[in-house]
Amino acid sequence: MTETFRPSGEYPQQQPSAPVHPGGTQGAYQHGTYPPPPDFAPEAPHRAPAHHDAPKRRRAKGPVALLAAVAIAAAAVGGGTAYAVQTLTDQGGGSSATSTDVVPTSQKGTVAGVAQAVSPSIVEISATSGEGKSTGSGVITRSDGEIITNNHVISGASSIKARTNDGKTYEAEVVGTDSKKDLALIRLKGASGLKPATLGDSDNVKVGDEVVAIGSPEGLTGTVTSGIVSALDRDVTVSTGEGQEQPQSPQGGWPFEFGGQEFNGDTGSSKTTYKALQTDASLNPGNSGGALIDMNGNIVGINSAMYSPSTSQAGSGSGSGSVGLGFAIPVNTVKDDIGKLRSGSRS
């Protein structure tokens, strides 16, 4: 029989009883229905020393239970938040992280540290179309070979290949496109174990922040340049047509408009305008789709356009090239659009 222990003093004191009729309660005691109550409260049985603090724990049960409940609730909220972030960025392939210190402490704040940490997450993209072959760059967003790049890099391509930092080349297929934001998502066939980039927060970027650009200008894979963010929210207009990595004029470059003027060729009738980060980090044809990175190793933008004066503008002895006016799509625009691109949307 299981007994419930009561500490000393918890049994009610027995009062002297008057004679009871044989058919009353006393008769039930005598017939063994249940034993009569004791004449006095029994002493509490001796307990082992290890249990002496049990009453104290019971007396603190309310506050302790409350604190424990709060801790469990906080853990649940934290776990739920982490899961929500995970599902937004990872759908079965090892996702990119968000806003952290990617660069080792010993190299933090150095261009060399950023380059070493992020270069494995940047690829060179070669797209072949009826108009020829174009070269651009891309940023790995998942370990299974998901790549974000500019739409104008792969638009109209019949064949797409990507070369990773370790020299491996993969065939790629288009997952989704958004020409209005000049973004595209492609996936490498048979890739695994790649290093996803860390996506930062472009809303925190300030004019004067140091940045690093990594891409494949003119097919020079893994080229690293550096500079600062020189302006925010620039209205940049680019073509949504095909083959924009191909030179559109003898001066080279790719077409885009800024301030009501056209640069490096005719953008055509199909175009889109977006708010861009401006940087003086050197960008050249082939940097499109590559990464603009803060000094903690977080991607803050996708490089998309550059200004380069024509030969006639620069002088007969000068060629076209970067003059420190490059533009990048803010990474928060990418994060807002990546779900749509993953769904296979083509626009």
Side-chain angles (χ1 to χ4, degrees), residues 96-97 102-104 107-128 133-150 152-154 160-172 184-188 190-200 210-228 245-246 252-254 277 279-306 308 321-322 324 326-329 331 334:
S96 54
V102 179
V103 182
Q107 294 182 300
K108 190 173 181 180
T110 67
V111 175
V114 173
Q116 183 176 352
V118 184
S119 289
S121 300
I122 312 300
V123 302
E124 176 187 300
I125 296 175
S126 298
T128 302
K133 181 179 289 186
S134 62
T135 301
S137 305
V139 177
I140 299 172
T141 51
R142 292 200 323 199
S143 60
D144 64 352
E146 181 184 85
I147 308 289
I148 192 76
T149 186
N150 288 140
H152 72 252
V153 171
I154 55 86
I160 303 171
K161 293 183 179 180
R163 183 167 60 171
T164 54
N165 180 254
D166 59 4
K168 294 181 180 178
T169 299
Y170 298 86
E171 297 283 343
L185 198 68
I186 64 174
R187 180 171 291 115
L188 310 187
S192 63
L194 303 184
K195 182 180 180 181
T198 302
L199 305 184
E210 293 181 87
V211 286
V212 174
I214 303 179
S216 300
E218 307 293 353
L220 301 174
T221 306
T223 296
V224 177
T225 58
S226 65
I228 63 167
E245 283 298 295
Q246 286 295 101
W254 61 86
L277 303 176
T279 179
D280 68 354
S282 179
L283 301 180
N284 288 284
N287 272 115
S288 274
L292 190 68
I293 312 154
D294 69 18
M295 300 309 288
N296 290 322
N298 300 305
I299 310 299
V300 294
I302 300 298
N303 300 321
S304 58
M306 53 157 279
S308 176
S322 174
F327 304 93
I329 300 168
V331 74
V334 176

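Small disclaimer: the values here were computed from a predicted structure and weren't measured. Reckoned from all heavy atoms, side chains included, excluding hydrogens, waters and symmetry mates. Counting begins at 1 with the first residue of the sequence.
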If only atom types and distance count, is the side chain of Asn303 paired as donor or acceptor with the main-chain N or O of Ala291 below 3.5 Å?
-> yes

Say you draw a straight line from CZ of Arg163 to CG of Leu188; how long is it, rounded to the nearest 0.5 Å?
-> 13.5 Å

Go through the steps for Glu146 and Leu185 under the test side-chain contact (heavy atoms from CB on, under 4.5 Å), then give the verdict.
-> CA-CA 7 Å; Glu146 181 184 85; Leu185 198 68; 3.6 Å; yes

Evaluate side-chain contact (heavy atoms from CB on, under 4.5 Å) for Val139 paired with Ile147, printing each intermediate quantity in order.
-> CA-CA 5 Å; Val139 177; Ile147 308 289; 5.7 Å; no

Which atom names give the shortest non-hydrogen contact between Pro196 and Ser143, and what distance separates them?
-> CG-N, 3.7 Å

Nearest heavy-atom neighbours spanning Gln116 and Pro120 | O-CD, 3.5 Å

Heavy-atom nearest pair, Leu283 first then Ala305, reads CD1-O, 3.9 Å

At their closest point, which heavy atom of Gly145 faces which heavy atom of Ala191, and how far apart are they?
-> CA-CB, 4.1 Å

From Thr141, Ile140, Val123, residue fulfilling side chain to side chain contact (heavy atoms under 4.5 Å, CB included) relative to Leu194 | Ile140

Say whether, by atom type as modelled, one donor and one acceptor occur between the side chain of Thr279 and the main chain of Ile228 under 3.5 angstrom.
-> yes

Output all residues satisfying side-chain hydrogen bond (donor to acceptor under 3.5 Å, both in side chains) with Thr164, sequence neighbours left out; order by chain, then residue number.
-> Asp166

Are any of the side-chain heavy atoms of Asp144 and Arg187 separated by less than 4.5 Å?
-> yes

Supply the atom-to-atom distance Tyr170 OH to Lys161 NZ, rounded to the nearest 0.5 angstrom.
-> 14.0 Å

Distance, nearest 0.5 Å, that separates CD1 of Ile122 from CG of Asn165 | 9.0 Å

State the CD1-OG distance between Ile154 and Ser288, to the nearest 0.5 angstrom.
-> 12.0 Å

Heavy-atom side-chain contact between Ile148 and Ile302 under 4.5 Å | yes

Main-chain N/O of Ser216 paired to Ser137 side chain as donor or acceptor, under 3.5 Å = yes

Does some side-chain heavy atom of Ile299 sit less than 4.5 Å from a side-chain heavy atom of Val118?
-> yes

Say you draw a straight line from CG of Asn296 to CD of Glu210; how long is it, rounded to the nearest 0.5 Å?
-> 11.0 Å

Over all heavy atoms of both residues, which pair between Pro217 and Asn284 is shortest? Give the atoms and the distance, please.
-> CB-CB, 3.8 Å

Could you tell me whether Lys195 atom NZ has more than 12 heavy atoms of other residues or ligands within 6.0 Å of it?
-> yes

Do Val212 and Ile214 have side chains that get closer than 4.5 Å, going by heavy atoms?
-> yes

Using atom types as modelled and distance alone, determine if a side-chain donor or acceptor of Thr110 lies under 3.5 Å from a backbone N or O of Gln107.
-> yes

Heavy-atom side-chain contact between Met295 and Val114 under 4.5 Å = yes

Look at the side chain of Asn150 and the backbone N and O of Val153, then say whether any donor-acceptor pair between them is shorter than 3.5 Å.
-> no

Partner set under salt bridge (Lys or Arg N to Asp or Glu O under 4.0 Å) for Lys168, not counting sequence neighbours = none

Is a donor on one side and an acceptor on the other found under 3.5 Å between the side chain of Asn298 and the backbone of Gly200?
-> no

Where Gly289 and Thr149 come nearest, the two heavy atoms and their spacing = CA-OG1, 3.6 Å

Side-chain heavy-atom pair Ile186, Ile125 within 4.5 angstrom cut-off = yes

So, does Thr135 use its side chain to make a donor-acceptor pair with the main chain of Gly219 at under 3.5 Å?
-> no

Kindly say whether Ser282 contributes a backbone atom to a donor-acceptor pair with the side chain of Thr225 at under 3.5 angstrom?
-> yes

